[in-house]
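One structure is given here, and the rest of the page talks about it.
This is a predicted model, so every value here is computed, not measured. Lettering of chains follows the sequences in order, A, B, ..., and the numbering in each one begins at 1.
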Amino acid sequence: MVPLSYIAVATPEAAIRRTAEGQGAEYIAGGTDMIQLLQEGIVAPLELVDINGIAFDDVSVAIDGIRIGAMARLSDVADDPVIRERVPVVSRALYESASPQVRNMATVGGNLLQRTRCLYFRDATTPCNKRVPGSGCSALDGQNRVNAILGGSDHCIAAYPGDLAVALVAVDAELMVTGPTGERTILVENLHQLPGDTPHIETVLKPGDLITAIWIPLAAAGRRSHYLKVRDRTTFEWSLASAAVSLGLHDDVILDARVAVGGVGTKPWRLRHVEDMLVNQRLDQALARAAGECSADGAEPRGQNAFKVTLLRRTVERALLQIGGLA
Amino acid sequence: MLEIDEGQVRQSEAAYPQHAASIALTINGESCQLQVDARTTLLDALRDRLHLTGTKKGCGLGQCGACTVLVDGRRVVSCLTLAVMNQGKSITTIEGIGDGELHPLQKAFVEHDGFQCGYCTPGQIMSAIGLIQEGRTRSDDEIRENMSGNLCRCGAYTNIVKAIKDALVQGVDAPEAMRQAVEAIRQDAEKGE
């Protein structure tokens with residue numbers, strides 16, 4: 001780890017001032033990914049701006065939605081009675097993230113920005129366009145079992161590793177962001193960018209931008225929701241494929257649907273064509289099978305990750321069966 | 001009495017005094033003030049500077065749980081937090097849990113063979129204290145799921161679950177604030193089932 005300086009701030013204004021100037025300052029909140037990246041020599045900021053003193057860490061319910069402070073810890077949000085009852089897909093995604101210790105440390109804002117687990121991004125001795133732009137992609141013809149089958153490019157096939165962001169896409173969540181030019185909102189669905197030929201640019205956030213809260217509209221909280229995560233071991237592991245499903249149901253008929261998948265895309269991946277085929281249909285085994293079958297349409301497997309095509313289909317099918325009480 | 005080992009200030013730390021900070025921590029009930037480089041993890045500060053070597057360093061990347069301690073009563077991995085980020089916090093390590101004799105969980109681990117080599121054991125026990133305080137002990141499966149942040153390469157998992165269940169029966173005192181939080185979680189869980 002190269003020498004770095006450290007400053008703790010107590011207000012968003014102070015935090016933004018410190019990082020907006022582009023002098024190599026980075027935010028640190030829970031620190032659970034940042035410190036891994038520092039230890040492995042993957043990032044080398046000149047200064048860490050500790051934002052733990054900013055007290056945006058509560059879950060509150062307003063007339064039109066649920067607000068989660070960005071500094072709230074994963075364990076607290078997972079346990080929150082409102083989150084458990086109104087948006088179980090979010091609670092479930094958080095319980096299935098990381099380990100109990102890490103969930104006590106990591107913040108929901110930071111979790112959305114966690115970096116990929118692509119083996120080559122995490123190995124500073126190998127070429128990686130995301131880590132060193134222009135150096136090449138080692139995963140295209142390498143050990144790419146965990147890499148993405150959707151949204152990749154000739155420059156990068158790193159999978160987005162998180163669970164929370166996938167769940168949030170399924171409940172139409174927005175981020176409240178404060179930055180040098182003021183406040184704005186960003187749909188979680190639009191936060192991450194495709195790698196294209198600039199895989200080192202991962203989100204639409206600009207230097208100095210600070211996520212202050214997550215907003216879940218109450219309309220989405222009225223839908224039935226579920227998160228299914230499939231991984232190499234039953235716990236404390238990143239997903240190989242996951243499905244976040246949120247359905248507005250009347251009797252067994254689907255009036256409104258969101259289907260987002262994780263572990264398979266270069267960003268949290270929304271399956272609009274699957275949503276379209278679900279709407280106005282009766283949720284039964286045949287529909288779940290049909291929706292699962294087309295959920296990997298457009299996938300581009302690259303060798304070792306080819307199993308994810310079938311895994312994704314079965315994961316979406318099973319998530320739909322579970323949400324309908326059919327499995 | 002905690003002694004701060006100034007001889008263990010790393011060369012790299014001494015070379016960059018501009019990157020060091022003075023922090024106040026309460027460790028196992030005792031206040032201490034120490035100067036640390038910004039890069040020093042809480043784990044390294046505990047082991048190298050305060051000679052509290054009961055907390056073990058395994059992977060250094062948050063994957064094994066050997067370095068689990070309580071910060072303000074919650075279990076965390078001390079390798080993934082910088083010492084400077086813990087200014088003003090209260091840290092409990094394996095050295096701080098017995099009150100003149102073994103803690104009920106330590107006794108239960110001995111009783112049930114909850115370890116072989118012992119390297120992961122301080123982390124297992126600190127994690128189990130956090131687990132019990134969180135109230136996530138309603139079944140063997142729930143205990144296993146919520147001890148998943150602690151790896152044991154000797155494979156003593158079966159007996160670790162037995163030890164935790166036994167300690168629960170024997171009674172493990174949790175701080176009052178944690179007891180209230182646990183009660184809230186339990187009531188909520190019952191509602192949801």
Side-chain angles (χ1 to χ4, degrees), chain A residues 1-8 28-40 42 44-53 73 75-76 78-86 88 91-92 95-106 110 114 117 122 231 233-238, chain B residues 12-13 15-16 18-21 23 36-42 59-65 67-88 123 126-127 130-131 134-136 141 144-151 181 184-185 187-189 191-192:
Chain A
M1 222 189 277
V2 297
L4 52 82
S5 56
Y6 168 90
I7 182 169
I28 186 166
T32 52
D33 195 21
M34 175 59 86
I35 294 176
Q36 291 182 55
L37 296 165
L38 290 168
Q39 297 283 22
E40 302 271 71
I42 309 303
L46 298 175
E47 179 175 81
L48 290 179
V49 180
D50 182 347
I51 53 175
N52 286 290
R73 310 293 148 164
S75 53
D76 292 330
D79 282 344
D80 187 274
V82 172
I83 300 296
R84 288 171 56 133
E85 193 180 317
R86 305 303 299 271
S91 177
R92 200 68 244 155
Y95 274 127
E96 304 212 345
S97 297
S99 69
Q101 289 97 317
V102 171
R103 291 197 292 272
N104 278 342
M105 308 169 79
Q114 70 174 307
R117 305 308 300 190
R122 299 269 167 177
R231 40 191 163 170
R233 54 184 183 193
T234 52
T235 185
F236 195 10
E237 185 59 275
W238 283 274
Chain B
S12 59
E13 294 180 356
Y16 302 98
Q18 70 273 29
H19 298 311
I23 54 167
V36 284
D37 184 280
R39 292 168 293 179
T40 307
T41 61
L42 177 61
C59 66
L61 295 169
Q63 295 166 4
C64 75
C67 66
T68 303
V69 300
L70 306 182
V71 174
D72 288 347
R74 286 159 66 109
R75 52 179 166 157
V76 305
V77 280
S78 58
C79 69
L80 290 188
T81 182
L82 299 172
V84 286
M85 292 165 67
N86 290 275
Q87 159 66 27
M126 297 312 293
S127 191
L131 167 89
E134 292 159 12
R136 301 185 208 277
D141 278 348
R144 276 192 280 269
E145 168 70 38
N146 286 285
M147 286 298 289
S148 62
N150 295 81
L151 304 188
I185 292 170
Q187 284 176 2
D188 173 46
K191 251 190 300 174

Could you report the tightest heavy-atom contact between [X] and [Y], atom names first, then the distance?
| X | Y | value |
| --- | --- | --- |
| B:R39 | A:P3 | NH1-N, 3.4 Å |
| B:L80 | A:T32 | CD1-O, 3.4 Å |
| B:G149 | A:P100 | N-CD, 4.0 Å |
| B:G65 | A:Q101 | CA-NE2, 4.4 Å |
| B:V77 | A:V102 | CG2-CG2, 4.3 Å |

Item to check | Residue pair A:R233 / B:S148, side-chain donor-acceptor N/O under 3.5 Å | outcome: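 The criterion, which ignores hydrogens and geometry beyond distance, is not satisfied for B:S148 and A:R233.
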Can you say whether [X] sits under 4.5 Å from chain B via the side chain, the backbone, both, or neither, judging by heavy atoms?
| X | value |
| --- | --- |
| A:Q39 | side chain |
| A:D50 | side chain |
| A:L48 | side chain |
| A:A29 | backbone |
| A:E40 | side chain |

Checklist entry - Using a cut-off of under 4.5 Å for heavy-atom pairs, which of A:S5, A:G31, A:A8 has the most such pairs with chain B? => result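 Option with the top pair count is A:S5.
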Item to check | Which atoms of B:Q63 approach chain A - backbone, side chain, both or neither, heavy atom under 4.5 Å | outcome: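 Both backbone and side chain.
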Item to check | Interface moiety of B:L131 toward chain A, non-hydrogen atoms closer than 4.5 Å | outcome: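 Interface part for B:L131: neither.
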Nearest-0.5 Å distance, [atom1] of residue [X] to [atom2] of residue [Y]:
| X | Y | atom1 | atom2 | answer |
| --- | --- | --- | --- | --- |
| A:I35 | B:T81 | CD1 | OG1 | 5.5 Å |
| A:L46 | B:H19 | CG | NE2 | 8.5 Å |
| A:Y6 | B:M85 | OH | CE | 6.5 Å |
| A:S75 | B:E134 | OG | CD | 7.0 Å |

Item to check | Which of B:V71, B:T41, B:L61 touches chain A most, by non-hydrogen pairs under 4.5 Å | outcome: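 Among B:V71, B:T41, B:L61, the one with the most close pairs to chain A is B:L61.
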Item to check | Test item: A:N52 and B:Q87 side chains (from C-beta on) under 4.5 Å apart, heavy atoms | outcome: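 With C-beta onward as the side chain, the pair stays apart.
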